[in-house]
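What follows is a short report on a single structure.
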Protein chains: 2
Amino acid sequence: MSVEPAGQHTVRRLNAALVLGEIAATPGVSRAALAARTGLAKATVSTVVDRLVAARIVAEGEPMRRAGPGRRASGLALSPLGPHGLGVEIGVDYLACQLVDLAGAVRFQRITAGDNRNRKPSVVLTAVARLIKAATRAAADAGVRVGGIGVAVPGLVEQDTGLLRVAPNLGWQEVDIAREVAERTGLERVEVGNEADLAAVAEWRRTGLADFVRVSGEIGIGAGIVLDNALFRGVRGFAGELGHVSVVPVGGDRCRCGADGCLETVAGQEAILRAAGVASIEDLTTRLSTSDGPAVAAVAGAGRVLGTALAGLINVMDVPAVVLGGTYAVLEPWLREPVLAALGERVAEPVEVLRSAWDTDAAAHGAATAAVQAIMADPDAFAERVADQ
Amino acid sequence: MSVEPAGQHTVRRLNAALVLGEIAATPGVSRAALAARTGLAKATVSTVVDRLVAARIVAEGEPMRRAGPGRRASGLALSPLGPHGLGVEIGVDYLACQLVDLAGAVRFQRITAGDNRNRKPSVVLTAVARLIKAATRAAADAGVRVGGIGVAVPGLVEQDTGLLRVAPNLGWQEVDIAREVAERTGLERVEVGNEADLAAVAEWRRTGLADFVRVSGEIGIGAGIVLDNALFRGVRGFAGELGHVSVVPVGGDRCRCGADGCLETVAGQEAILRAAGVASIEDLTTRLSTSDGPAVAAVAGAGRVLGTALAGLINVMDVPAVVLGGTYAVLEPWLREPVLAALGERVAEPVEVLRSAWDTDAAAHGAATAAVQAIMADPDAFAERVADQ
DNA sequence: GTCATTACGTTCAGGCACTGAACTAATAAG
DNA sequence: CTTATTAGTTCAGTGCCTGAACGTAATGAC
């Protein structure tokens, strides 16, 4: 019962995804090359591609020049007029929105500042709906469809229901964001996800890494884990809660989660600022750039502890790369060495440590990418939806 | 290229696995009930079942009694004469072997004691080959086929190659066990796996839990992780190395891995015995059963630290259950409370803590089960192999 | 005992997706 | 202009699933 019975449609779906994946990986491929790469017959590739073109997912370019004899191939690529992903990020002090095409290009982008702490969900979600409407209008103006909507929130999102369980930094609890947004915009297909998870998706998009953890230090410490080119969410969707791993077993500070000595109490943004004796990240970086002793030591200390916690994650999950995001990306020049040192001590296999390729709106991009990715993973379902109208 | 193109055969495979899974889950089902449960047409179920019966994977029982009118259904179940899994466990001081049928029943079993520490791989593997031959003979005598062989080793096994990288407690490095065993027995299809992983598979078989971690404390501390009814191995196959998570950040004892303050140095078997001031686990349990203060305190201390480390794993991976195995299963009555207490402090969601259902040869059973499971997951491939002869 | 009823399992034409071979299309080189 | 070469399409053929009709086997009312 849990698995659907397979039929011809299953074959079609799988092959559509296979072909589309190959087109995405190598823009400009010909049908003949696709047949060779996928192992499908040329005839099959042609029909699959025809369906993808009809659904506007793939676009056929001009015949390509070739060296030597033979008919010229017409290059296939993801269509810039294909379905777009719309991503919204509900940050603690901003809302971000992105409209992203199938290839990952940003078509529309907006960030609105504003403290969302302890504002009622209904108020914030009305603003979110406004952003979505603006992005939808932008899509309509460009003549493209919105294929799916993603919303990133800094909190625990239940996998099955999509319910936001709790977002400590917003002061929210038990909010059905998908429903609220759908009610306000009239749009379905709203997927809600954790901010750290979706930021990892954005990172995956930009780096192409198949397996990594992305840690970002903001008010909390979140980890988004990508394994085998897919987000690892855990059984209920709560995976990646690195902030409350124990790093000071005895005598640690009390954490807002109730336990003592959590990673967050040592390597969280606030803790680092306190240890360095500064008021803001800007102050901290200025001090660091002048090699101010206490500041460097504070960051190094946090880095060692962060590295130790990451080593635990890596030993348990066997992930070969770490991406530093958010505040950690800003501090990367001073954080990198101590993190690497701690990892080197505790992990047998080599681990890469990288700096995030994103600034602020990683999660918004990730939310949009996730929506796009849902289509890429099952283009045939989307094509069917299009055909139904 | 990474994914195979789909065809009719794909449909057949998927449906064969679907039907077989349903038969395994509800022994005695009728074809009609299978059709209702799977969503397949009755005709399809019939042909799929016919193939499974022809391959001896499924057996058709006597027509069943029914209350009320109507033709009686013939109950379908996993055939006791179907392919068996053969599992061998290379322990530090024993070799264990099991022959297991599709339903999980043990058909043949043998344990041979003997210290394998620092014995050359070739010597031990010759003994392993002897065990395999004995089990194969037992299978032949019973008129059943060996469908696959699994070997469990206490060390790091590379996912892709099946190579044993290092087994510290055996003193082995870089051994191609599959090849060595194949050379000595003439049998192919030898899969090598980590002992903790395969013990978790055995646990999964017996408990039916879909998601859990099984920790066992022996000389090292290993964790086998099952997520969504499948083993979680990590990218390279090294997941579950819980023993070297840091639990004493400053001033911890030096671990044999080179780092300080690993979980193993506090909650490993040796560490517990030392803290309790006894020489063996038997001594320890006698003291515990008389509520000897130092012994109880030593185990409770180890339990708290183990629980803290597990809390980290759970926060990062979102697993809802922990199974205590190996030495931890023996100490479970005294370990349970402190582990639960530590988990309660650090994990928001409820976590179940269970005692392993297995004694010594969990890994051997898991290795056999893994071999069987490979057939269950793709019975059509097995049927084809049978048909080819 | 007979017959209507009920449910299980099989048979068979029909549809759908992929395949391979033959075919058309387009291009460069001689 | 012809030949060689590569791209893409057409079409009969095959395999698997489906749904309806049918055969089969049992129950229970008369």
Side-chain angles (χ1 to χ4, degrees), chain A residues 3-19 23 26 28-54 58 60-76 379-381 383-384 387, chain B residues 3-19 23 26 28-54 58 60-76 379-381 383-384 387:
Chain A
V3 187
E4 293 294 295
Q8 313 292 47
H9 59 101
T10 314
V11 176
R12 199 179 55 203
R13 283 178 174 217
L14 290 172
N15 285 333
L18 177 65
V19 168
I23 292 174
T26 47
V29 268
S30 64
R31 288 162 229 259
L34 281 173
R37 278 159 181 272
T38 58
L40 292 165
K42 283 197 296 176
T44 309
V45 170
S46 276
T47 49
V48 170
V49 167
D50 285 352
R51 228 181 346 251
L52 293 173
V53 169
V58 165
E60 190 159 3
E62 283 301 291
M64 304 178 72
R65 288 262 139 246
R66 67 157 38 265
R71 175 175 169 177
R72 292 187 302 186
S74 47
L76 301 167
D380 196 65
E384 215 154 79
Chain B
V3 188
E4 292 295 294
Q8 313 293 49
H9 59 101
T10 314
V11 176
R12 198 179 56 200
R13 282 178 174 218
L14 289 172
N15 285 332
L18 176 65
V19 168
I23 293 173
T26 48
V29 269
S30 65
R31 285 162 232 257
L34 282 173
R37 276 158 182 272
T38 57
L40 292 164
K42 284 199 294 179
T44 310
V45 170
S46 276
T47 48
V48 170
V49 167
D50 284 352
R51 226 181 347 251
L52 293 174
V53 169
V58 165
E60 189 158 4
E62 282 302 291
M64 304 177 73
R65 288 261 140 245
R66 65 156 40 267
R71 175 175 169 177
R72 293 187 301 187
S74 47
L76 300 166
D380 196 67
E384 214 153 82

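Letters A, B, ... are given to chains in the order of the sequence lines, protein chains preceding strands, and every chain is numbered from 1.
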Contact list for residues 62-73 of chain A, test salt bridge (charged side-chain N to carboxylate O under 4.0 Å, His left out), sequence neighbours left out: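 Residue pairs passing salt bridge (charged side-chain N to carboxylate O under 4.0 Å, His left out), neighbours aside: none found.
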Which residues share a side chain to side chain donor-acceptor pair (under 3.5 Å) with A:Q8, sequence neighbours left out: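 For A:Q8, no residue satisfies side chain to side chain donor-acceptor pair (under 3.5 Å) once neighbours in sequence are set aside.
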Do you know the tightest heavy-atom contact between [X] and [Y]?
X      : Y     : answer
B:P379 : B:L52 : CB-CD2, 3.7 Å
A:M64  : A:G28 : SD-O, 3.4 Å
B:V49  : B:R31 : CG1-NH1, 3.3 Å
A:V48  : A:A16 : CG1-CA, 3.8 Å
A:S74  : A:G61 : CB-O, 3.9 Å

Position toward the 5' end of DNA chain C (nearest nucleotide), A:T47 or B:G75: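 By nearest-heavy-atom nucleotide position, the 5'-most residue is B:G75.
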Closest-nucleotide ordering on DNA chain C, the 5'-leading residue of B:S30 and A:A43: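 Its nearest nucleotide being more 5', the pick is B:S30.
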N/O (side chain, A:S46) to phosphate O (OP1/OP2, D:dG8) under 4.0 Å: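 No, outside the criterion.
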Short side-chain N/O contact to D:dC16 OP1/OP2 from B:N15, under 4.0 Å: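 No, B:N15 has no side-chain N/O under 4.0 Å of OP1/OP2 on D:dC16.
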Heavy-atom protein contacts under 4.0 Å, nucleotides 22-30 of chain D, coded B base, S sugar-phosphate only, - none: -BBBBB---
Nucleotide interval of DNA chain C bounded by contacts with chain B (heavy-atom cut-off, under 4.0 Å):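 For DNA chain C, the relevant span reads C:dT6 to C:dC18.
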Pair listing, side chain to side chain donor-acceptor pair (under 3.5 Å) test, anchored in residues 9-19 of chain B, at least two apart: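 Applying side chain to side chain donor-acceptor pair (under 3.5 Å) to every pair that reaches into residues 9-19 of chain B, excluding sequence neighbours, yields B:R12-B:D380, B:R12-B:E384, B:R13-B:D378.
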Using whole Å, report how far [atom1] of [X] lies from [atom2] of [N].
X      : N      : atom1 : atom2 : result
B:Q8   : D:dG13 : CD    : P     : 17 Å
A:H9   : D:dT18 : NE2   : C1'   : 11 Å
B:E384 : D:dG15 : CD    : C1'   : 13 Å
A:L34  : D:dG8  : CG    : P     : 9 Å
A:R37  : D:dA7  : CZ    : C1'   : 16 Å

Residue list, side chain to side chain contact (heavy atoms under 4.5 Å, CB included) with A:A33, at least two apart or on another chain: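 By the side chain to side chain contact (heavy atoms under 4.5 Å, CB included) rule, A:A33 matches A:V29, A:S30.
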